[in-house]
There are 2 protein chains.
Amino acid sequence: MARKPGSRSEITGPRLREAALRLFARDGYAAVSMRQIAAEVGVQAGALYLYTADKQSLLADLMADHLEALLAAWAEEAPEGDARARLDHFARFHIRFHAARADAVFIAYMELRNLTPGNFARIEALRRRYETELEQILRDGQAEGCFALPDTKLAAMALIAMLTGVNTWFREGGRLSLPRVEDIYVDMVLKAAGATAGPPP
Amino acid sequence: MARKPGSRSEITGPRLREAALRLFARDGYAAVSMRQIAAEVGVQAGALYLYTADKQSLLADLMADHLEALLAAWAEEAPEGDARARLDHFARFHIRFHAARADAVFIAYMELRNLTPGNFARIEALRRRYETELEQILRDGQAEGCFALPDTKLAAMALIAMLTGVNTWFREGGRLSLPRVEDIYVDMVLKAAGATAGPPP
């Protein structure tokens with residue numbers, strides 16, 4: 001397809017990120033070269049450096065983009081009501097957001113070891129901000145007397161691990177629809193938080 | 001250190017597996033060559049083929065070893081008592097076993113994508129056997145009337161994901177000891193299963 005004049009930077013930036021995400025997820029960061037990414041996008045390797053300083057920056061930016069999109073999407077949901085309703089909302093939001101971004105989720109976990117210390121700190125701070133969003137709901141629930149948890153920090157990490165785990169096995173068209181999976185997980189999440197019983201899922 | 005005659009196969013097999021595990025965990029399967037593994041062990045690349053057919057077999061064997069060791073260790077524990085006691089035991093066992101094998105756990109999740117279909121089926125069957133051990137406890141608990149779960153299969157996967165998540169953040173010498181972490185997770189796991197309240201952790 002012919003490239004329209006002037007549209008290059010708009011097209012190549014996102015295409016570069018998509019290609020890098022796909023290749024990193026498939027082969028792993030260490031095994032993928034900038035040359036391969038360039039070939040996937042259909043440009044010379046040198047052209048990539050118009051969009052990113054190096055492969056390390058590209059990885060860190062992919063992870064940061066994912067986490068910033070997650071935080072922005074959650075900020076938009078801004079659920080109201082008691083902690084029980086907010087936790088229900090969080091669990092469904094988390095499952096839906098992550099199920100739609102399998103490669104980004106996989107890389108966010110798998111490639112942490114390949115970040116420089118500075119980039120690791122940047123990504124870790126974003127991840128921690130998201131955890132704190134859940135922890136705040138759990139703390140509010142404790143204060144409202146509707147949750148019973150021995151440690152809200154550990155609980156936030158435990159519940160996020162449980163919810164993200166859906167990505168390892170869920171496939172569209174399987175035994176259960178995603179909304180049904182959400183119902184089942186919300187039941188377990190609320191119970192794990194010691195929430196007083198609600199309606200059966 | 002001089003190699004004793006006759007001890008080569010006993011020494012190099014385990015050392016090969018340790019080196020491969022460490023390198024795969026650090027750089028990813030796709031980025032590691034048999035030559036690098038040989039260099040790490042201190043032998044010629046050709047010598048590796050006395051112990052493994054190829055890199056793919058090595059990866060599959062590492063994963064299978066890990067899961068078989070897990071199943072054997074759990075079979076040895078063979079907890080008795082009601083489902084509540086067995087679930088408590090399972091949660092502590094899972095956390096302890098996995099915390100001691102960070103590289104193997106990381107690879108077991110991360111490198112599934114690099115298995116051939118035949119090897120994937122072999123590893124998946126082992127993983128499924130372990131899940132079924134937990135699912136049986138959950139089913140027994142339902143039958144005994146002490147658990148309340150909408151779906152025992154999903155619950156087994158959800159609880160294993162939650163428990164394995166400890167590996168992503170736990171460090172010896174941190175805020176909490178591993179036994180204390182076990183207490184806190186057991187509390188959440190039992191509650192998530194809908195267990196009737198026990199003593200506070």
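Lettering of chains follows the sequences in order, A, B, ..., and the numbering in each one begins at 1. For clarity, every value in this text was computed on a predicted model and none was experimentally measured.
Taking both residues in full, the closest heavy atoms of A:F106 and B:M110 are given as CZ-O, 3.4 Å, listed atom of the first, atom of the second, then distance. Across A:A161 and B:G165, no two heavy atoms sit closer than the pair CB-CA, 4.1 Å. Minimum interatomic distance between B:I184 and A:P150 (heavy atoms only, all atoms of both residues): CG2-CG, 4.0 Å.
When heavy atoms are compared at a cutoff of 4.5 Å, B:L176 approaches chain A solely by way of its side chain, counted from C-beta outward. For A:A148, the parts sitting under 4.5 Å from any heavy atom of chain B are the backbone and the side chain alike. Proximity to chain B is absent for every atom of A:I160, based on heavy atoms less than 4.5 angstrom apart. Only the side chain of B:T168 comes within contact range of chain A, with heavy atoms under 4.5 Å apart. When heavy atoms are compared at a cutoff of 4.5 Å, B:A155 approaches chain A by way of both its backbone and its side chain. There is no contact between B:Y29 and chain A, counting heavy-atom distances below 4.5 Å.
Ranked by heavy-atom pairs under 4.5 Å with chain B, the first of A:G194, A:G28, A:A192 is A:A192. With chain A as partner, the option from B:A158, B:A30, B:A25, B:A31 having the largest number of non-hydrogen pairs under 4.5 angstrom is B:A158.
With rounding to the nearest 0.5 Å, the separation of NZ in A:K191 from CZ in B:F147 is 11.0 Å. Atom-to-atom distance recorded for B:W169:CH2 and A:K153:NZ is 8.0 Å, nearest 0.5 angstrom.
The environment of CZ in A:R128 is crowded: more than 12 heavy-atom neighbours from other residues, nucleotides or ligands sit within 6.0 Å. Few gaps surround CD on A:Q136; more than 12 heavy atoms of other groups in view lie less than 6.0 Å from it. In the displayed structure, B:Q44 atom CD is contacted under 6.0 Å by at most 12 heavy atoms of other residues, nucleotides or ligands.
Side chains of A:M188 and B:M162 form no contact here, defined as non-hydrogen atoms less than 4.5 Å apart. Contact check for B:L154 versus A:R175: side-chain heavy atoms found under the 4.5 Å cut-off.
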